[in-house]
Structure formats: structure tokens, C-alpha cells
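First up is the structure itself, then whatever we jot down about it.
Within every chain, numbering begins at 1; the chains are lettered A, B, ... in the order of the sequence lines, protein sequences first and strands thereafter.
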Protein chains: 2
Amino acid sequence: MATIYEVSALAGVSLSSVSRVLNDHEHVSEKTKQKVMAAMNELGYRPNSVARSLASNRSNSIGVLVSELHGPFYGEMLSSIEMELRKAGKHAVVTAGHSVEQSEKDGINFLIDRNCDAIIILIDSLSDEFLIELSKGSTPVVILNRLIPEIKDKCFYIDNELGGYLATKYIIEQGHKDLAYISGPLFKQDANERLNGHKRALNEANLKFDEELFYQGDFLTTSGRVGIDHLLKTNKPFTAAVCANDEMASGAMKGLRDHKMLIPQDCSVIGFDNVYFANYLHPELTTMNYPINEMAKMSAQWILKNVYKHTEVFVNNKFTPELIVRESITKNKT
Amino acid sequence: MATIYEVSALAGVSLSSVSRVLNDHEHVSEKTKQKVMAAMNELGYRPNSVARSLASNRSNSIGVLVSELHGPFYGEMLSSIEMELRKAGKHAVVTAGHSVEQSEKDGINFLIDRNCDAIIILIDSLSDEFLIELSKGSTPVVILNRLIPEIKDKCFYIDNELGGYLATKYIIEQGHKDLAYISGPLFKQDANERLNGHKRALNEANLKFDEELFYQGDFLTTSGRVGIDHLLKTNKPFTAAVCANDEMASGAMKGLRDHKMLIPQDCSVIGFDNVYFANYLHPELTTMNYPINEMAKMSAQWILKNVYKHTEVFVNNKFTPELIVRESITKNKT
DNA sequence: GACAAAACTGGAAGCGCTTCCATTTTGTCC
DNA sequence: GGACAAAATGGAAGCGCTTCCAGTTTTGTC
């Protein structure tokens, strides 16, 4: 592999000059630029990115830490991030924390040790305090799907409360009065806020939140199914099940079918996130859109702007969920 | 950030000795090892991975090139690869080729320029010839989901023909005689082989393959739906739809419902791949399991063994698909 | 206790590039 | 044509580590 040294020899200029054309510096004459380019071509020169990193103290790699690499959510996210980064010649180093605190910390250290220029984080197990502390370190950090007030310009999040509110408001508008709610684990910010929005909509319609028609799930499919079992056992009637995410909604649909109930005739269902399989379900799931792609893209742009000083881009931190009406909700006629 | 130099000063030993304990070399006395470790601790020393890479000509990063980062398949794959790699202190650099030839080539160059120690490839657009040529280069390459005879020890693949055969055999055993087939794009090896397996099973049962009940899709959901429309228009009766992957099967299920047909009563459906949402569908999809997790893990192990000379692990290149019986197929009583 | 072999340690040269500083060249204006 | 600033170039010192080589110490053996 040819090095910059050979290029400089062949082109008859100094190392510095070669380096300058490599980095598109100003103050290089057109003439030497041409000579250098020609030499590079002739030698099939390819810059050694490791050497550049060492000398410049820039690795051009961005670490991405997520809970899991699989699942409908993270794939979309990664996809957007990678696309944005690659356009700028940067690359993504990925790692998973598996929702285990120590493992997530390890993941962060791993990425820092890898000399990532910045880190994008989308996880649940680490505390706000830890992340605040982390963000004081020398490696810039941005946080997805979470609002930490102390570092809010580095957070990209949706208004979960609003989403919860809109979902429930819509259901109420369809004539439903008896709503069951299957939440995510309430120690998670998003689960909590979505529930709050739900309660606000209820309140606004003078409906009261019924503890008996509430089940705390874990955001996974099975807990939707189990939740429905649990709710049905109370013998309290309900005509709609509000689920805090699509996975649980899909489980809830299964649960309802186990009990020979028709969706949406016997019970309407709404989800949250609008993951891509939401419209593979039957009936297609009405849900709240979570603009994960834009958010991920935005986080990448934040890094391009703040870490690599790319030309000004507009950065938006707060995103708005939107209702996606499909087939899983029907008007209530009772 | 402390450097190896400061460690050596504090420990009162030479640079080389520090480096040696860092790399777990033999021929370091317990005493100096302790001194060095203590110094490292005291200084909070963290090795600079970039400098190590430059000096050792090893980046400890493995490039992963896939068609898309999202979708049910790639997430699982990445997840397994990352887990295996991280255990060994290596990391994954990911990039997507979006099934566009030039873009996939760019992706490869991108990863090579990043000094990846090896590359894992899972794409369709690049020709066998290109990949054979690539594998002669200095960056080791492994290929997932594809068998290229010339470099077969670097390929990890399943027996698609067998999978196609087993799927159809099972359906025939359930009493079905009139089978429709929705294939993937036939320029893709896997699509082609699955179809061949289908034909073999047909043949074995003395059923003939009916061109009219064949539709070539593109492995995406919509083409399953469109495929059913097309097949139904022929007015040729069929009692089961064999789909070359789960996404198309899910589309096919939608298509059948559009025509008010019940699954599996009016038409059975079988998929292929066993992606995780296959059992979110209703009815739950009977399909062929594609052991993507093991295959991905195995490819990572191959690299650990062949590139990093880790202790011997058994590497298996060819994997076997297995039938997963769920609810989308019923016995045919006609 | 002598001697060879093995184990251990330090010095120093690089890995391929960036970047600061000093020097040389070019251009502009009177 | 000369003075001066600005632009272009080259030299050289690192970036933080690995690794080869040679020298020194320890160990084991008879």
C-alpha cells in the first residue's frame, strides 16, 4: 500500500503539501494539487485512516449504543444514522447494552476507548445522573428518546405525554367510554408520560381512570397478551384497549382472540410507535407515529454540526407524535 | 489522558515493559506486572486504540455490510455478530449498500479504507466474480447467505433447496394438491433454490408445477399481496400458497383477506425465514426457520479464528432450515 | 560454583499521517 | 524596480503505541 511518502516523492513535493491536498486545505496552488492528484492516482494511493486519526486526534467514527440491535425500532434508527453519517464520510460503530446497567456502562466505555468522536445513546437502564456526568466528559454525547432537562439540547425526544393524550382522545371521540390501559414499565420515562397523557384525555372527557382496568406490562408482546387476560378477569367491561406500544398491542390482539373476541367489533385496540409491522397485523393497527427516522437523522446532524463543525443545520430536539388511523378501532355504538 | 509513557515513568519501568503487560505477553515478571498495573490504576490509564492500531497494523474492527440495516433479518444478524465480537474485544462497523451495486461497492471500499481487519458481507447486488476477486485481496471477507463454490469455506449459507423442498413436502402431506407459489426475484440465488426445492417436492409427489400458479415477487410484503391478486385472477383453484419468505407470506395473507378468504380454511399459507414477527401475525405463520443467529455468530467466530488466531473453534458453513409448525396451514379435506 | 539457557528488560526505530513554524515564492502597488 | 504582504511550500516534531534487537539478570543443571 502506497503511503503519503511515496506520493510526495513521485509528485516531487513535500509531505506537508500532499497532506494539504488530502485535507483540502487552502493555500495550495492548483499546480501542486494537480501533481499530487496525479501521483495519487498513479500509485492507487489510499489514505490510512488510522494514521490520520492518530495524528489528528479524530477517529471519524461515531459510537451508537442501543439496548438491542434487533427489534423493529433500533433497525430503523441505525439505518437513518448510518445513512446520514456516511454521507459525511463518518462511520457508525455499534454496540448493545441489553438493558443491563453494567453492560450499558461497559458499552459506553467500549465506545470511548475506541476513540469515538461522539456517542449516540438510546437506552433505559442508565440514570439521568450518570448521563449528565457522562456528558461532561470529553466525548460528546447525544441522547435519543429521553429528555434530561439539564442537558436538553443534547436530547432528542418526542412528546410522549401528548402522544398518550392524542391516542386516548381519539378513542374517546369514537365513542368509547370504558378504556383499559396496558402500560410499559413505569420506571421508564416514556411509559410514564404516555400514561399521563392518557389520564389527561380521560380527565378532559370527564371519564375516570380505573385502576382495575390498568395493567403494567414491559413493552414486550407477551405482556400484552397477559395484560388482556388479567383485565378480562376483572369482569369489568371495556370496549377498547389502549396499549403503550405496538408490540404489546400485538400481544393484546392475540389475547383478545384467545377469548374469542373480535377486533375491533368487540374491542378496539390502539398501539404506539408505528413500527413497521403494525400494518402487517390483522386488522392493521391504529397507532401513534414515532418519528424515529427523523430523530435519528437529527441526532446525527447534531453531531456533524457540533463535533465536526459542518455548515449550519437546523436542529430540532422535540418531536411530535401523530395519529395513524388504520383498522383496529371502530366507533362504539353502545 | 495518561499515556503509556506516564505509566512507565510512574512504574519505573520501560515503555516496552508497559506495552508487554498491556498485551499480555509472556516473559514479564510478576513484579513488574504488578508495578505497571498499579501505575495504570493510579493514573486511570486507558490505552489509545488508534495508536495501537497504527503500530500493530490491527484495527480490531470488523466491517459489516448489509443491504439494509432495518428489517427483521438484519437486526438479528447484527445483534449476533456484535455480541460475539464484543466478547473478544472487537467491534463492528456497519454500513448499508441498499441493494445498489455501486453503493455496495462503495460500502466495501469504505470499510477497507477504515482498516477493518475483516468484512462480513450480506448483500445481493454484487456478482460472484466480484466477490471472488475481493476475497483475494488483503482484507479477509466472509459471505453470509450465499454459496460461492470457489470460496466456499468463507461462505455461510443454508440449504435453501432443502428448505423449499421441506416446506412443500409438508404442505403436500397435509393433503394439498393445488399449490400456488410466490417466489422471490429469481436472479437471487436463494429465491431460485427455494423454488427448485418446491419443484422437487412436487415432482416426488407426482404433482406438476403449474406455471399459471406461479408469481415472481420481490421478497417484500406488497408483492405477496399483488401476487395473490394475480393468482386469483387466473381462476385456477389452489388450496395453499407457498411463499418464498415471511414478508411476502404476510402480504399474501392480506391479499387473501381482501378477497374474503379465510386462512387457513380457504387457503393455507407457508412462509420462509421465521422472522420474529411471524408469530405476531394472525393466524400465526407456519414457516421454515432460517438460523440467522447461529450463522451470524459462526461468521464472527470464523473471523476470530482465522484473522485473530483465537483458539480453535469448530466452524460450520452449511446450515439446515427447519419446519416451524404454527397455525397458517390446515389439512385439506377435498 | 561454573556455565548455558531461559527469562526478563530497556532502547530505539518505526507505523502513516497532521500541523506548527520558518522559509521561499508570488503578487501588488507606488 | 523595490518594498511589502500574502500565498505557497518544506522541514521536522510529534500523535501513542508495538516490536525488534541487544543486553542483563535469573534459573537450572551437573
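- Going from atom CD of B:E30 over to atom P of C:dC8 covers 10 Å, rounded to whole Å.
- Note on A:T32: only backbone sugar-phosphate atoms sit closer than 4.0 angstrom, heavy atoms only; bases stay farther off.
- Cation-pi geometry between B:K90 and B:Y308 is satisfied (NZ or CZ under 6.0 Å from the ring centre, within 45° of the ring normal).
- No side-chain donor-acceptor contact under 3.5 Å links B:R114 and B:S61.
- No donor-acceptor contact under 3.5 angstrom links the side chains of A:Y157 and A:D190, judged on distance only.
- Going from atom CG of A:N48 over to atom P of D:dC15 covers 18 Å, rounded to whole Å.
- Atoms CG (B:L54) and C1' (C:dG14) sit 9 Å apart, rounded to a whole Å.
- Going from atom OH of A:Y5 over to atom P of C:dT18 covers 16 Å, rounded to whole Å.
- The residue B:N57 sits apart from the nucleic acid: no heavy atom pair falls under 4.0 Å.
- Listed candidates were D:dT19, C:dC8, D:dC17. Nearest to the side chain of B:H27 is C:dC8.
- Looking at B:R20, its side chain comes within 3.5 Å of the base of C:dG10 through a donor and an acceptor atom.
- Heavy atoms of A:V18 sit nowhere under 4.0 angstrom from any nucleic acid atom.
- Following rounding to the nearest Å, B:L15 (CG) and D:dC21 (P) show an atom-to-atom distance of 19 Å.
- Residue-level contact check: B:S19 touches the bases, meaning some heavy atom is under 4.0 Å from a base atom.
- Using a 4.0 Å heavy-atom cutoff across all strands shown, B:S16 reaches at least one base atom of the nucleic acid.
- Nucleic acid contact for B:V50: none, since no nucleic acid atom lies under 4.0 Å from a heavy atom of the residue.
- Closest contact between the side chain of B:A55 and the listed nucleotides C:dC17, C:dT9, D:dT18 involves D:dT18.
- Side-chain atoms of A:Y45 lie closest to C:dC17 of the nucleotides C:dC17, D:dT19, D:dA8.
- In this structure, the CG atom of A:N115 is 10 Å from the C1' atom of D:dG16, given to the nearest Å.
- Counting to the nearest Å, the C1' atom of C:dT9 and the NZ atom of B:K33 are 15 Å from each other.
- Within the 3.5 Å criterion, the main-chain N or O of B:R58 finds a donor-acceptor partner in the side chain of B:S53.
- Rounded to whole Å, atom P of C:dC15 lies 11 Å from atom CD of A:E6.
- Between the side chain of B:S103 and the main chain of B:S99, no donor-acceptor pair closer than 3.5 Å is present.
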